[in-house]
Amino acid sequence: MSAEQTERPAEIVVVPHTHWDREWYEPFQRFRLRLVALLDEVLDTMEREPAYHFTLDGQLACVDDYLEVRPEQRDRIAALVESGRLAVGPWQILLDEFLCSGENIVRNLELGMDRADKLGGAMPVGYLPDMFGHTAQMPQILRKSGLLHACVYRGVPSSVVTDVFAWVAPDGTAVRAQYLPAGGYGNGAHLFEEPGRLAERAAEFTGRMRRWHGPEGPLLAMYGTDHSAPVRGLPGMVAAIGARMDTLSGYIAANGQGGAVDGLPRVTGELRSHARANILPGVISVRAHVKQAMGRAERMVERYAEPLAALWGEEWPGRFLDMAWWRLVDASGHDSVTGCGVDDTAQQVAARIAEAEHLGQAVRDMVTARLAAAVPSDGVLVVNPTPAARRSVVLVDVAGHDPLVDAAGDAVPLQPLEYAPTLLLDEEMDPATALTFIHGTELYGQQITGWSVEDGVLTFTVARETAAAFTVTELRGRLDGVTRVRIVAEPRRTVAALVEVPPLGHTSLRPAPDDGVHGRATAGGATVPRPADGRAIIPVRADGQVLDNGLLRVEVAADGTLSLTGADGVTLTGAGRIVDGGDVGDTYNHVPPATDRLVGEPESVEVDLVCSGPLVAALDVRRVYRWPAAGAGIEGTPELPAAARTDATEEIVVDTRVELRADEPFVRLRVAFDNRCADHRVRLHVPLPEQATASHAEGQFAVVTRGLTAEGGCGEEPLPTFPAASWVAAGGVAALLEHVTEYELVEEGRELALTLLRSVGYLSRNRHALRPEPAGPQLPTPAAQSRGPRTVDLALMPYSGTWSAVPPAAETFRHDLLPVPGAGDPSLPLPPPAAGLSVTGDGVVMTSLRMRDDRRELRVVALTPTATEAVITGSFTRACHADLRGRAGTALPVTGGTLRLPLNPWEIATVQLAD
């Protein structure tokens, strides 16, 4: 090489890397075996060739998974990271941004950066190479974590014509985004395939990339692909074409202008365009039970376990919560929660999510057990997981038939729902056999409170708990002549109670004799006292097939659909129509068969009254359908997509519980059916009160507005199916959701369609009518047909004007009050209600509350297009700002236990509170 060549700046910067799918078409442990071999080679190669640089896919999971097998290699990795030759982090795992909560994204980045710091420092680039699109608030998340740069591939719109642009979050925060055009994270993967044509290959690459980069400056060549190992002798080949080797962070540090975005083209919000690359939107709805489990587990940890432990716990159970978050973050991988892996992978992901939920439940129950110890054993503790005062219905299990009272002795509005059986056993039986049923004081799942023998009958009395001492030995010698055994339980019932609970606090109830109840009146066997705060309680009523609570009127039509009329007159009809259609796609993309058959009309409809108020009124709607059993495949070639659906059908019963509660402006729906069909998609349709040109969907710290179409251009059919996390609203109606759900505005914006189930049989299909190339290997995934019971909870809410009333309703729907049986001495009085922390403000939503060292750390987001203020009240005297890594910032004024925090539109704010 000439001196002139060595002095001239390199025109190409080669970044050797691997894109490591932690689990995908093989389960995690099988991939890890290959990962260990790869990283052994990386370390050996880099130590043998000092010029070698390597970028380890932006996720610490690769390092952690390796070091669990090779712990003795930690110092070798740390030395390479500290030298700047090996780039690790900043993520813990390369996530799917739409299928986890915003808080999960933050914890992912926090874990990855903290872990990387212990090895020498994280790559200061938000590396997002293979996610199936990007969420709107990612620039704000990155910036508030200390990262000024992003690197993206999928989802970039056609308006981007350069390889660098300013990516702007809804609040105006911008990061400098390095786009990976012309091949994504493998755009330089073929540079050195033919040693005899290196110069020619380099010239081809340069010509291709100059169209994006411009005439000057070094070009980024990502040299690697899925699960690729380092190539020996690569530094020499790089030098041979006059290029330079570096890490991705090294390239961006040298060419990223310090994160400056002035003068760059701007793109605001989410990146979900199909123009430049496939974004594979069908992953939103495949294996829906995994998404459902993820939403449930995230809520358990984020909104029950952590806040309750921070406010009402004793020692912070940090290790248990850390384990829960590790599992949630691991499950968020872009080939994990997405469901686009083989069945073994999906099974492991589901188990991981279940463990996270169990850990959250354990922490929640530990804290509430402590609070319940102050509540008499015949009472019930009621906990509010939301940071605003609530008056809501809670379902509780109590003994006896007396009214319920609060700590002040005032009657609580009450409605009996169900009575437990009192006679559990009455049979001719050898008493010795009955004694084998007893375990300590437990009998038939309850505790023995007494026993008697009379006229040849041995009778046990049992209750939920007992203070009585009992041993089987006291029965010995008393069983002569006994021929019959009876077990009698204390009377118990499930009731709906309308209770007022302080923010993130608790109250308690207990049965009391009629003469101990103040202000009692009855209606239909229910207690409806005068409310203490003077707010009227409008009873819920069921009249025939109509439910009404004064805020919403719901009527069941002859075809089983619903008509809804809000208090402001907004009306929709035909809601809840179930439509089944074919799906011969794969886990990545939906596609209907060439000749589809849609089934939307039931063969029969039955409506039964469940309960008629005054606090809860419900109807069961049973609709019977004949759904095609599967796609009509070509005999002997099951891997080919079917051209039509089978003539053979299955009888499918869809049961819908339609429930209206007092004080709620929405109707709750529980849709349940047994899926015995294959290769199909089931959607719930909601006609809109007004034709809509756009939808508004809550996602990760944002509300995203989307049109009726999606931008295409890459080849993948741009189906306008989108994700919604907790709610979606359009045309005057909102659907409140329990987990990330796929939706689409159909019929030119006249209907909202929510996907309840998508059943497919292949990871990827080589022949796919709506996608020009495979998204992965063509492997069968029979479990992705999701056969068996499917139950989905959601709610529908008419609204007028803007969607501003929807987030508070979603808070109520998604975070039920938590009843906990009292565990204290029966002689104890009910403890007074107690508040934890109050967070209020127009559009203000709490997303996290936890302990950070000796401070409570609170995170809120302003879900509003206008400036607002969060009013935070609790037992604290000091407060300060913090970034998303928990690093304390400027102090904030606190007056009388109240912090008034100004928020910009769409701002994510973290504050730390101290006594």
Side-chain angles (χ1 to χ4, degrees), residues 282 284-289 556-563 572-586 589-607 620-634 641-658 669-688 719-721 735 741-748 750-761 769-770 782 784-792 794 796:
I284 301 166
S285 52
V286 76
R287 303 189 198 266
H289 63 283
V556 181
D559 63 356
T561 62
L562 310 176
S563 293
L572 60 147
T573 59
R577 182 166 56 96
I578 302 296
V579 178
D580 173 68
D583 191 337
V584 292
D586 51 32
N589 296 79
H590 161 77
V591 61
T595 304
D596 200 1
R597 179 152 52 106
L598 300 179
V599 180
E601 298 299 323
E603 293 194 337
S604 64
V605 178
E606 297 178 9
V607 182
D620 276 345
V621 180
R622 169 163 289 201
R623 289 173 282 182
V624 179
Y625 298 85
R626 301 296 309 193
W627 290 352
I634 302 172
R645 305 183 75 184
T646 60
D647 293 329
T649 60
E650 291 278 357
E651 181 180 273
I652 305 295
V653 177
V654 178
D655 288 314
T656 304
R657 172 68 57 90
V658 182
L669 305 180
R670 170 164 288 183
V671 183
F673 56 91
D674 182 3
N675 177 37
R676 298 196 298 276
C677 304
D679 302 325
H680 68 129
R681 180 177 68 175
V682 183
R683 301 208 287 187
L684 182 143
H685 286 242
V686 182
L688 305 183
L719 297 181
T721 52
T741 300
E742 176 186 270
Y743 76 90
E744 181 180 2
L745 290 183
V746 297
E747 301 295 330
E748 298 181 330
R750 294 183 179 87
E751 282 195 359
L752 171 68
L754 301 167
T755 304
L756 303 182
L757 178 78
R758 196 165 74 84
S759 301
V760 294
L770 303 185
Q785 297 286 5
S786 298
R787 294 180 183 271
R790 173 77 175 132
T791 301
V792 181
L794 68 147
L796 298 178

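Hydrogens, waters and symmetry mates play no part in the numbers below; they use all other heavy atoms, side chains included.
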- [ ] With L684 as reference, evaluate T741, V579, L752, V671 under the side-chain contact (heavy atoms from CB on, under 4.5 Å) test and give the passing residue.
- [x] V671
TODO: State whether R577 and E601 are salt-bridged, where the test is any N-O pair (Lys NZ or Arg NE/NH1/NH2 against Asp/Glu carboxylate O) under 4.0 Å.
DONE: no
TODO: Kindly compute the distance separating CZ (R597) from CG (D580), expressed to the nearest 0.5 Å.
DONE: 9.5 Å
Open item on the list: Rounded at 0.5 Å granularity, tell me how far CZ in R287 sits from OG in S786.
Closed with: 7.0 Å
Task: Side-chain touch R622/V653, heavy atoms, less than 4.5 angstrom - done: yes
TODO: Measure the spacing between CG of D583 and CG of N589 and express it to the nearest 0.5 Å.
DONE: 9.5 Å
Task: Distance-only side-chain donor-acceptor flag, Q785 / N675, under 3.5 Å - done: no
Open item on the list: As a quick check of understanding, evaluate side-chain contact (heavy atoms from CB on, under 4.5 Å) for V746 and H685, giving each step before the final call.
Closed with: CA-CA 9 Å; V746 297; H685 286 242; 4.2 Å; yes
TODO: Any chance you could measure R645, atom CZ, to W627, atom CH2, to the nearest 0.5 Å?
DONE: 9.0 Å
Task: Which atom of P593 lies closest to which atom of A642, heavy atoms considered - done: CB-O, 3.7 Å
- [ ] Return the minimal non-hydrogen interatomic distance between G282 and R758, and the atom names on each side.
- [x] O-NH2, 2.8 Å
- [ ] Could you go through the side-chain contact (heavy atoms from CB on, under 4.5 Å) check for D655 and D620 one step at a time?
- [x] CA-CA 7 Å; D655 288 314; D620 276 345; over 6 Å; no
Task: Nearest-0.5 Å distance, SG of residue C677 to CZ of residue R787 - done: 7.5 Å
- [ ] Could you grab the distance from atom CG of L757 to atom CZ of R683, nearest 0.5 Å is fine?
- [x] 12.5 Å
Open item on the list: Could you check whether any side-chain heavy atom of P602 comes within less than 4.5 Å of a side-chain heavy atom of V624, counting everything from C-beta outward?
Closed with: no
Open item on the list: Please determine whether the number of non-hydrogen atoms from other residues, nucleotides or ligands lying under 6.0 Å from atom CZ of R670 exceeds 12.
Closed with: no
TODO: For the pair T646 (side chain) and A630 (backbone), establish whether a donor and an acceptor sit closer than 3.5 Å, ignoring hydrogens and angles.
DONE: yes
Open item on the list: R790: which residues meet the side-chain hydrogen bond (donor to acceptor under 3.5 Å, both in side chains) condition with it, sequence neighbours left out?
Closed with: Q292
- [ ] Keeping the roles fixed (side chain from R657, backbone from L669), state whether a donor-acceptor pair exists under 3.5 Å.
- [x] no
Task: Audit row: L562, T573, side-chain contact (heavy atoms from CB on, under 4.5 Å) steps and yes/no - done: CA-CA 6 Å; L562 310 176; T573 59; over 6 Å; no
Task: P641 versus V584, closest heavy-atom pair with distance - done: CB-O, 3.8 Å
TODO: Side-chain contact test, heavy atoms from C-beta onward, threshold under 4.5 Å: evaluate it for T721 versus E744 and give yes or no.
DONE: yes
Open item on the list: Restricting to salt bridge (charged side-chain N to carboxylate O under 4.0 Å, His left out), what partner residues turn up for E742, sequence neighbours left out?
Closed with: none
TODO: Report the residue from V599, I652, V654 that forms a side-chain contact (heavy atoms from CB on, under 4.5 Å) with I578.
DONE: V654
Task: Donor-acceptor pair, side chain of D596 and main chain of G582, under 3.5 angstrom - done: yes
Task: V682 side chain near F673 side chain, heavy-atom distance below 4.5 Å - done: yes
TODO: Identify the two heavy atoms, one from G574 and one from P687, that lie closest to each other, and give their separation to 0.1 Å.
DONE: O-CD, 3.3 Å
- [ ] Report the C-alpha distance between L754 and L794 in whole Å, list the side-chain angles of each, state the deciding distance to 0.1 Å, and finish with yes or no for side-chain contact (heavy atoms from CB on, under 4.5 Å).
- [x] CA-CA 10 Å; L754 301 167; L794 68 147; 3.8 Å; yes
Task: Residues in ring-ring contact (aromatic ring centres under 6.0 Å, His included) contact with H590, at least two apart in sequence or another chain - done: none
Task: Side chains of E751 and L688 in contact at under 4.5 Å (non-hydrogen atoms) - done: no
Task: Residue pair D679 / G761: nearest heavy atoms and the distance that separates them - done: OD1-N, 4.0 Å
